[in-house]
Each structure stands twice: as C-alpha cells, then as structure tokens.
Chemist: 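Got a structure for you, questions after.
In this text, all values refer to a predicted model and were calculated from it rather than measured experimentally.
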Amino acid sequence: MSEITKDILTTVDSVLAGKELKDQPRALLLLRLGQLSLLFCPDKTEHYWTQLMPLQSKIPKDLQANLEDLRSITESTARSGAQGFAAEVIADVDAAKKLAATDVEEAKRHLRDCESRLQKRRWPFGKAQVQIALVEGWANIDRQYALQLLGTIPANVRESLVRRLNRVQPLLAEEWKIVADKAGMAQAVQMAIKILDDDQPLHLPKEVLFQVGAQIRNSMQAVAASQNETELTNAYIRYTKLVRSPMGDGQTELALTLLEELYAWLVKTNSLDQIWTMRFILLGGVLRLGVSLQALTGETLERWLTKTPAHLAPFIRAHYAALITPPDAVEEAYQALLKWTGQNRDAEAWFLVTLVERGLGAEALALAGKSPQARELLPRLRRAWLCTHPESAGAAISAQDMAGDPIGEFLAQGAAQDRVAYLKQATDGGRRSVPGAMWAGKGTEEQAEGLRGFWKSLTSSRKTLDQIIIEYLALNPVYSSYRRDTKKEAQFGEYLRISGYGEYKYADIDQVLLETLVAWGDENAGQVKSVLRAMWGAIQPDDQILMVDWLRNSILTRCRNVIAADPEVLIQDFLGWFKRELVDKGRSWKIGNTQFTLKYPDTAPLQFCVVSAISVGKFSPGRRDQILVSGLSKFKGDPASIEAAAQVYNADKAVLDLTPPLQLPPNLIEAWQLGIVKNAIPQILNAMVAQANGI
C-alpha cells in the first residue's frame, strides 16, 4: 500500500476517533464508508454500521434510501449476530475460504458440506446469513457457481456482490447470463447501469446489452420531456459508455445497432421539440461516436437518412462527411456535399466548421477562399479556429486577419502576455473599459460603447419588447439566444448561427478574458482594478435591463466570472451593488395586469462568491481563497452556500481538514464540515481501491 493511500485511510480513522467532527457530517462519512466497504472491504462494513446506528436521524431525506439499503445488507450479512447453528456453519465457511489458499479442492469439499448441512436444516432463523456467507465463500473459489446461488440471497446483497466481483475482475458475458437468470433481467439491467456509472468495465451478452440500452433511452425520453438538458446529457454519456463497452464477437454490429436505435429516437421524438438544439448536439455525438468506433459507414448512413426528416438531412450529411474525410480528400468531399445538398449554404458552412474543429483549419480556409460565400465563411472559420484551437490558430491567423473584429484581434494575440499588451493598449493602460464588442456593446454612431446607452436608444422608440431584443442582439450578438418555437425548416440555420461560429458567444470570450486580466493583475493590480471598475460601469444594468430575465442573468453571470480577476472589485463594487439593489431593495413592475417582483435572497451574494471563486480558481488559487474568505466575512451564509464554499476552498487542501479559514457561526460549522466530507469521498474511494488492489 502506498504512503498516500495509507495516510488517507489513517486520517479517516483519526477523524472518526476524534470529537471535532459534528454529528451530521460524521453520519454522512460513515454512510459513505459503509457503502464503499461493501465493494472493497466487506469485513469493515459492520464496523462502520455500528458507529452509524446512533446517528441515523442525521442522514438527510434524500439519502434515506441509501441508509435503508445499507441497513438491510449489513443486518443480513452481520456475523456478530449469528448464533448456534448459523454461527457454526459461518465459521466453517470462513475456514474453507482460508483453506482455498493452499488446497482449492479441499476448500470446495468443505463448502459443499456446509451447503448440504444448510439444505437439511429446516429451521429458518439465521439461514440467510449462512446463505450469504456461502455465496461469498464460493465467490473467491468458483465465481460462476457463486453466481448460480444469487437467487438464495436478498436482492440488495446480490447487487453489492455483483458490483464487487465485477470491480475485482469484470464479469464475462456468460456470467452476466447467469446473473440475469438468477437475479432477474430487471435487476441485472440496474446492476449494469450502476457499473456504467462507476466507470467500471462491462462485458454484457447481447440480450442484456439491448435491455440496458432500452432502459437508458427510456430515461432520456423522460428527462427530455421535462426539458432537463443536464440530465439528458448525463443519460447520453451513460449510453455512450454502453456503446463503447466490450461486446466480444460482433462488437461492431452490436455497437451500430445501439447507435441506430438511439439515432432513430433522436430524429423522431417530439420530446425534444422545446429544446431542439439538443437534438442537433446529440445527433452530432452519435455520428462522431459511430465514426470513432469505425462502425458507421457511408452505406449505413444512407439507410439512416431514409428515416430522417428532411430538415435534419443536410446537417447529418455535412457532419458525417466532415468527420470521415481525410486531409487529402477534403475538396472531393466538399464538392460531393454541395452537389448532394443542392449548394445548401448551411451544410457547406457546417462542413467547414467541423473540419476546423477536427484540426483541419488550413484545409477548411483554403476551401472557403474559393467559395462564392467566402466573404461570410472566412470570418466564421477564423472565429471557429481561434475559439477551438487557440494554440495552432496563433500560427495561422494574425491580428491583422481579424482587423475590425476586436474579439478576434484579442484572441489572435496568442500568449497571455501578448493579450495583456493588447488590453493595455485598448484600454489606455486601464483607464477605460475593454472594447465594447467583447463586453458591454460595441456602440453605434449615435451611442458610445456601453450597455445602458444602447438599451435606452432602443426602448425610446415605439417597438415591442421582441423587436427591441432582436435589434439589441444584432448590435451585441455575444448574448445570442434562440427561440424554442423556431420552425423546423429554420432550425439548422439557427443552430449554425449559435453553434457554428456565426458569431461569438460570451462563453468563448470570458475565460480567456479572465485569464488575461489575472495575468495583468499579477503584473499591475492597480491598472486591473481600474479597468474592471470601468467595465462594471459600462455593463451595470438599469431597471429596464433588469426586467429582461435572460439578459439580466447573462450580465450577472459574466460579471461574477470576469470581475473575479480582482477580489476587491468583485466584492465591493459588483457584489456591493448586487446586495444593495437586488437583495436589500429589489425591483417591482407591472406588465398589463401582472405584477412582477425581482428580489434575490440575502444568501445570494455568498453564492455568487462561490461561483466567482470556481471561475478564477483555475488561474489563481490565491484569488479564489481571497474571494471565499471575504465573502464569508461580509455576506450572510446558509447551510447550502457554506457547504459549497467549503468544497471549493478545500479543493487543494488536505483531505478532511475540518478547520475553516475564519470563525463561522456555530450553526454553520456542520455545513462547512459537510462540504469537507463530500470533498473527501472521491479520495477515500481511490484509497480503498488502491488498498483492495494492494497498490
């Protein structure tokens, strides 16, 4: 066992033995230790459960099911409660397990004798404990025989055993057939899905494989209907793990069948109609995965296209062509695509952008230069290259190529110090805000750069809110959005605009801008404070802007991310305004007969601090910690925000270091410790895996 592994496990024991850990985080730690021990060191499960028993009321409601599962398994498998006949047979099983190290056949004989004695015993009390012990005993000697006995033990114990056996050595397809037979197909499917989520190898037979695929697709249908894009993405990732899992003979054919079933659902389901951009994202992922596995051929794609709605076909063909085309054949593929799509300009642009994303930027630019649409395509492809492969883009695209495009000029600078020099010049050494195009609005002939001047000029005219928003987005496209009711025929063009670099998105800019401001601040903190205050002055929303949810939320997101480059400006200027205006004061307005109120809870400023700390932490851990400490000392916290702050602060600190950086109110210490415990769980998992593997 490595010293790191030993240190982590020793720290866990030390913290549990001490008195500093409060009841709720102690209960959570013991619950997770109990669950992990089932997989890696079953002999310790009862030890953790004994400590957890007095603290069961401290387990939160959302983890009660986990607690009950652990209870039923532990009480079923507990050896300490076995008496009489049960204790006697369990002792003989344990002796047989030890004997297996020197004489396997004799160990098997002992286990068969124990089985025979159990079968003759009519008295049921304690029988379950003996059956579990027998399965465990056989598992280390003859795994297939042990799996044949799964039907004799409780369902939750089966799951724990199968997951543990698979982690030690992945179950073979034949063994999964036994699991499905003895535990039932439904439980076998659930076990397989949990193993996928554990990122463990999975070798499923065809019949189980397709049942798992169907179950995951059903879950995707449910979360798509609820418009939960995050859970839909998670389910898709789970499905891709299944497709990539080893399948033995017929691997390519089976993987392709799974992909085709998902593809058919994606192109036909109406559950994605309100989040239609996800349809394009996931279809692109299916094609990419099929190509990477060398399973999806042109012939197969043609078959798929016969079942594909007309509005999706150009995207599918363009995306596939860009993925499979080798560098020396891009022009041939390009011409073939134009011919098939009837010179469809959306398909042309998507093909070229995808080439750029693949790393074929030079080839894409060469083709675009010959196109009748070169004037539109070349800037698009340069934007794509700068945003997706900034390292190689610097060698191929100069600031002069991006002249007239301040964002492009900035991104084309290459190294952080070059970007710092660009910002210094553009802001007159920090005396004014960064160029409006990358921040608050590029301005017009009538209005100087800045968000509020923009908005005022638009709202002073007699226009509907929709018209104002459309005109505003035309002036400041980094806040691009899409309409859920976009007609299907227009969806590919819209998707190309927002995901095909028809324009920049602020997400393409803000991380680079933050990194640059951090580097500048390391060199001259005063200039960065000045430029950030100018940036805040330019973008600070007025009451009219605050009424538009998506725009207000975008502005607040950008500010809490980018202004994090200087903790003082973040806390005093931006969050000071936020607390004063939107927490303490709030806003209220009436549209028609409907009254609207905008007022954030008093814990929101600290929640914003946590997000800001996460953003800047990758560039400056010192600024991250400064933001958290300042936020904790200045703003009100609730258990959720304190827990999150603890997790971020502890990210690079010692495992289970419970001491906060400043004194917290007594009622929030448990929340801080909960965050520290949650941070420790992945490290404890890795330590237990290493210990189980003797590393």
Chemist: Quick check against the 3.5 Å criterion: does Asn344 have a side-chain atom that pairs as donor or acceptor with the backbone of Leu338?
Modeler: no
Chemist: Has the side chain of Ser160 got a donor or acceptor atom that lies under 3.5 Å from a matching backbone atom of Asn156?
Modeler: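 No, Ser160 side chain to Asn156 backbone: no donor-acceptor pair under 3.5 Å.
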Chemist: Measure the CZ-CG distance between Arg238 and Asn234 for me, rounded to the nearest 0.5 Å.
Modeler: 7.0 Å
Chemist: May I have all residue pairs that pass salt bridge (Lys or Arg N to Asp or Glu O under 4.0 Å) and include part of residues 309-322, sequence neighbours excluded?
Modeler: Glu302-Arg317
Chemist: Using modelled atom types only, decide if a donor and an acceptor are shared between the side chain of Tyr239 and the backbone of Leu258 within a distance under 3.5 Å.
Modeler: yes
Chemist: Mind checking the CG-CD1 spacing from Asn561 to Ile614? Nearest 0.5 Å is all I need.
Modeler: 9.5 Å
Chemist: Could you pull out every donor-acceptor pair under 3.5 Å between side chains of residues 507-514 and any protein atom, sequence neighbours left out?
Modeler:
residue	atom	partner	partner atom	Å
Asp508	OD2	Lys505	N	3.0
Asp510	OD1	Arg558	NE	3.3
Asp510	OD1	Arg558	NH2	2.7
Asp510	OD2	Arg558	NE	3.0
Gln511	OE1	Lys618	NZ	3.3

Chemist: Could you give me the CA-CA distance, side-chain angles and deciding distance for Trp276 and Glu494, then say whether side chain to side chain contact (heavy atoms under 4.5 Å, CB included) is met?
Modeler: CA-CA 11 Å; Trp276 57 264; Glu494 273 290 273; 3.6 Å; yes
Chemist: Salt bridge between Lys307 and Glu260, side-chain N to carboxylate O under 4.0 Å?
Modeler: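 Between Glu260 and Lys307 there is a salt bridge, with a charged N closer than 4.0 Å to a carboxylate O.
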Chemist: For the residue pair Gln221 and Thr269, confirm or rule out a side-chain donor-acceptor distance under 3.5 Å.
Modeler: yes
Chemist: Counting only heavy atoms not in Glu207, do more than 12 fall under 6.0 Å of its CD?
Modeler: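 Yes - once you tally the heavy atoms of other residues, nucleotides and ligands closer than 6.0 Å, there are more than 12.
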Chemist: Heavy-atom count check: over 12 atoms from other residues, nucleotides or ligands less than 6.0 Å from Lys206 NZ?
Modeler: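 Counting neighbours around NZ of Lys206, 12 or fewer heavy atoms of other residues, nucleotides or ligands fall under 6.0 Å, so no.
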Chemist: Which residues pass the salt bridge (Lys or Arg N to Asp or Glu O under 4.0 Å) test with Glu363, sequence neighbours left out?
Modeler: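 Checked Glu363 against salt bridge (Lys or Arg N to Asp or Glu O under 4.0 Å); zero matches.
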Chemist: For Arg288, enumerate each residue passing the salt bridge (Lys or Arg N to Asp or Glu O under 4.0 Å) test, keeping only those at least two apart in sequence or located in another chain.
Modeler: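 Per chain and number, Arg288 pairs via salt bridge (Lys or Arg N to Asp or Glu O under 4.0 Å) with no residue.
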Chemist: Indicate the atoms forming the closest heavy-atom contact of Leu209 with Met247, along with that distance.
Modeler: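 In terms of heavy atoms, the two residues are closest at CD2-SD, 3.6 Å.
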Chemist: Does the distance from a Lys or Arg side-chain N to an Asp or Glu carboxylate O, for Arg552 and Asp549, drop under 4.0 Å?
Modeler: yes
Chemist: Under the side chain to side chain contact (heavy atoms under 4.5 Å, CB included) rule, collect the residues that match up with Ala155, sequence neighbours excluded.
Modeler: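 Side chain to side chain contact (heavy atoms under 4.5 Å, CB included) list for Ala155, sorted by chain: Arg158, Gln187.
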Chemist: What orientation do His319 and Trp350 show, parallel under 30°, tilted 30 to 60°, or perpendicular over 60°?
Modeler: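 If you compare the ring of His319 with that of Trp350, the planes turn out tilted.
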Chemist: For side chain to side chain contact (heavy atoms under 4.5 Å, CB included), just list the numbers for Met688 and Ile8, CA-CA rounded to whole Å, side-chain angles, deciding distance to a tenth of an Å, and then say yes or no.
Modeler: CA-CA 9 Å; Met688 283 191 171; Ile8 290 174; over 6 Å; no
Chemist: Ignoring hydrogens, what is the shortest heavy-atom contact between Ala613 and Val648? Give both atom names and the distance.
Modeler: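 Residues Ala613 and Val648, closest heavy atoms: CB-CG1, 4.1 Å.
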Chemist: Does the Ser499 side chain pair with the main chain of Leu496, one donor and one acceptor, at a distance under 3.5 Å?
Modeler: no
Chemist: Please step through side chain to side chain contact (heavy atoms under 4.5 Å, CB included) for the pair Leu323 and Tyr320, ending with a clear verdict.
Modeler: CA-CA 5 Å; Leu323 291 176; Tyr320 177 76; 5.6 Å; no
Chemist: Checking salt bridge (charged side-chain N to carboxylate O under 4.0 Å, His left out) for the pair Glu331/Lys370: CA distance, chi angles, key distance, verdict?
Modeler: CA-CA 11 Å; Glu331 184 160 9; Lys370 303 174 185 177; 3.5 Å; yes
Chemist: If the condition is salt bridge (Lys or Arg N to Asp or Glu O under 4.0 Å), which residues does Arg624 pass it with, not counting sequence neighbours?
Modeler: Asp652
Chemist: Gln373: what forms a side chain to side chain contact (heavy atoms under 4.5 Å, CB included) with it, not counting sequence neighbours?
Modeler: Arg345, Glu348, Ser371, Glu376, Leu377
Chemist: Got a second to check how far Arg380's CZ is from Glu503's CD, nearest 0.5 Å?
Modeler: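 Reported value, rounded in 0.5 Å steps: 9.0 Å.
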Chemist: Holding to salt bridge (Lys or Arg N to Asp or Glu O under 4.0 Å), I want the full list of residues that pass it with Asp418, two or more places apart in sequence or in another chain.
Modeler: none
Chemist: What is the distance from atom CD1 of Ile275 to atom CD of Glu229, rounded to the nearest 0.5 Å?
Modeler: 5.0 Å
Chemist: Closest approach of Ala192 and Leu202, non-hydrogen atoms and distance?
Modeler: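 In this case the closest contact between Ala192 and Leu202 is O-CD2, 3.7 Å.
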Chemist: What pair of heavy atoms forms the shortest contact from Ala333 to Phe351, and how long is it?
Modeler: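 Taking Ala333 first and Phe351 second, the nearest heavy atoms are CB-CZ, 4.1 Å.
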Chemist: Look at the side chain of Glu231 and the backbone N and O of Asn228, then say whether any donor-acceptor pair between them is shorter than 3.5 Å.
Modeler: no
Chemist: Between CG of Leu242 and CD1 of Ile237, what distance do you get to the nearest 0.5 Å?
Modeler: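 That separation rounds to 14.0 Å.
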Chemist: Taking Val162's backbone N and O only, do any of them form a donor-acceptor pair with Asn166's side chain (distance below 3.5 Å, no angle check)?
Modeler: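 Side chain of Asn166 to backbone of Val162, a donor-acceptor pair under 3.5 Å: no, none is there.
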Chemist: Tell me every residue that passes side chain to side chain contact (heavy atoms under 4.5 Å, CB included) with Thr300, counting only those two or more places apart in sequence or in another chain.
Modeler: Leu256, Leu296, Thr297, Arg303, Trp304
Chemist: To the nearest 0.5 Å, what is the distance between CZ (Arg279) and CG (Leu312)?
Modeler: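 That separation rounds to 6.5 Å.
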Chemist: Using only heavy-atom distances, determine whether the side chains of Thr308 and Tyr263 contain a donor-acceptor pair under 3.5 Å.
Modeler: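 Present: a donor and an acceptor within the cut-off.
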Chemist: Can you tell me if Arg497 uses its side chain to pair, donor with acceptor, with the backbone of Gly502 under 3.5 Å?
Modeler: no
Chemist: Between Glu515 (side chain) and Val616 (backbone), is there a donor-acceptor pair under 3.5 Å?
Modeler: no
Chemist: Output yes when a side-chain donor or acceptor of Asn270 lies under 3.5 Å from a complementary backbone atom of Asp273, and no otherwise.
Modeler: no
Chemist: Can you tell me if Arg560 uses its side chain to pair, donor with acceptor, with the backbone of Ile555 under 3.5 Å?
Modeler: no
Chemist: Work out which heavy atom in Arg382 is nearest to a heavy atom in Leu365; give both atom names and the distance.
Modeler: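 That closest heavy-atom pairing would be CG-CD2, 4.2 Å.
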Chemist: Could you walk me through whether Tyr501 and Trp385 pass the side chain to side chain contact (heavy atoms under 4.5 Å, CB included) check?
Modeler: CA-CA 9 Å; Tyr501 300 93; Trp385 198 346; over 6 Å; no
Chemist: Side-chain donor-acceptor pairs under 3.5 Å in residues 399-410, sequence neighbours left out?
Modeler:
residue	atom	partner	partner atom	Å
Gln400	OE1	Ser398	OG	3.3
Asp401	OD2	Ser398	N	2.9
Asp401	OD2	Ser398	OG	3.3
Asp405	OD1	Ile407	N	3.2
Asp405	OD1	Gly408	N	3.0
Asp405	OD2	Tyr504	OH	2.6
Glu409	OE1	Tyr422	OH	2.9
Glu409	OE2	Gly404	N	3.2

Chemist: side-chain hydrogen bond (donor to acceptor under 3.5 Å, both in side chains) with Glu332: which residues, sequence neighbours excluded?
Modeler: none
Chemist: If you take all heavy atoms of Ala437 and Val478, which pair is closest and at what distance?
Modeler: O-CG1, 3.9 Å
Chemist: Could I get the full list of side chain to side chain contact (heavy atoms under 4.5 Å, CB included) partners for Gln35, not counting sequence neighbours?
Modeler: Leu31, Arg32, Asn66
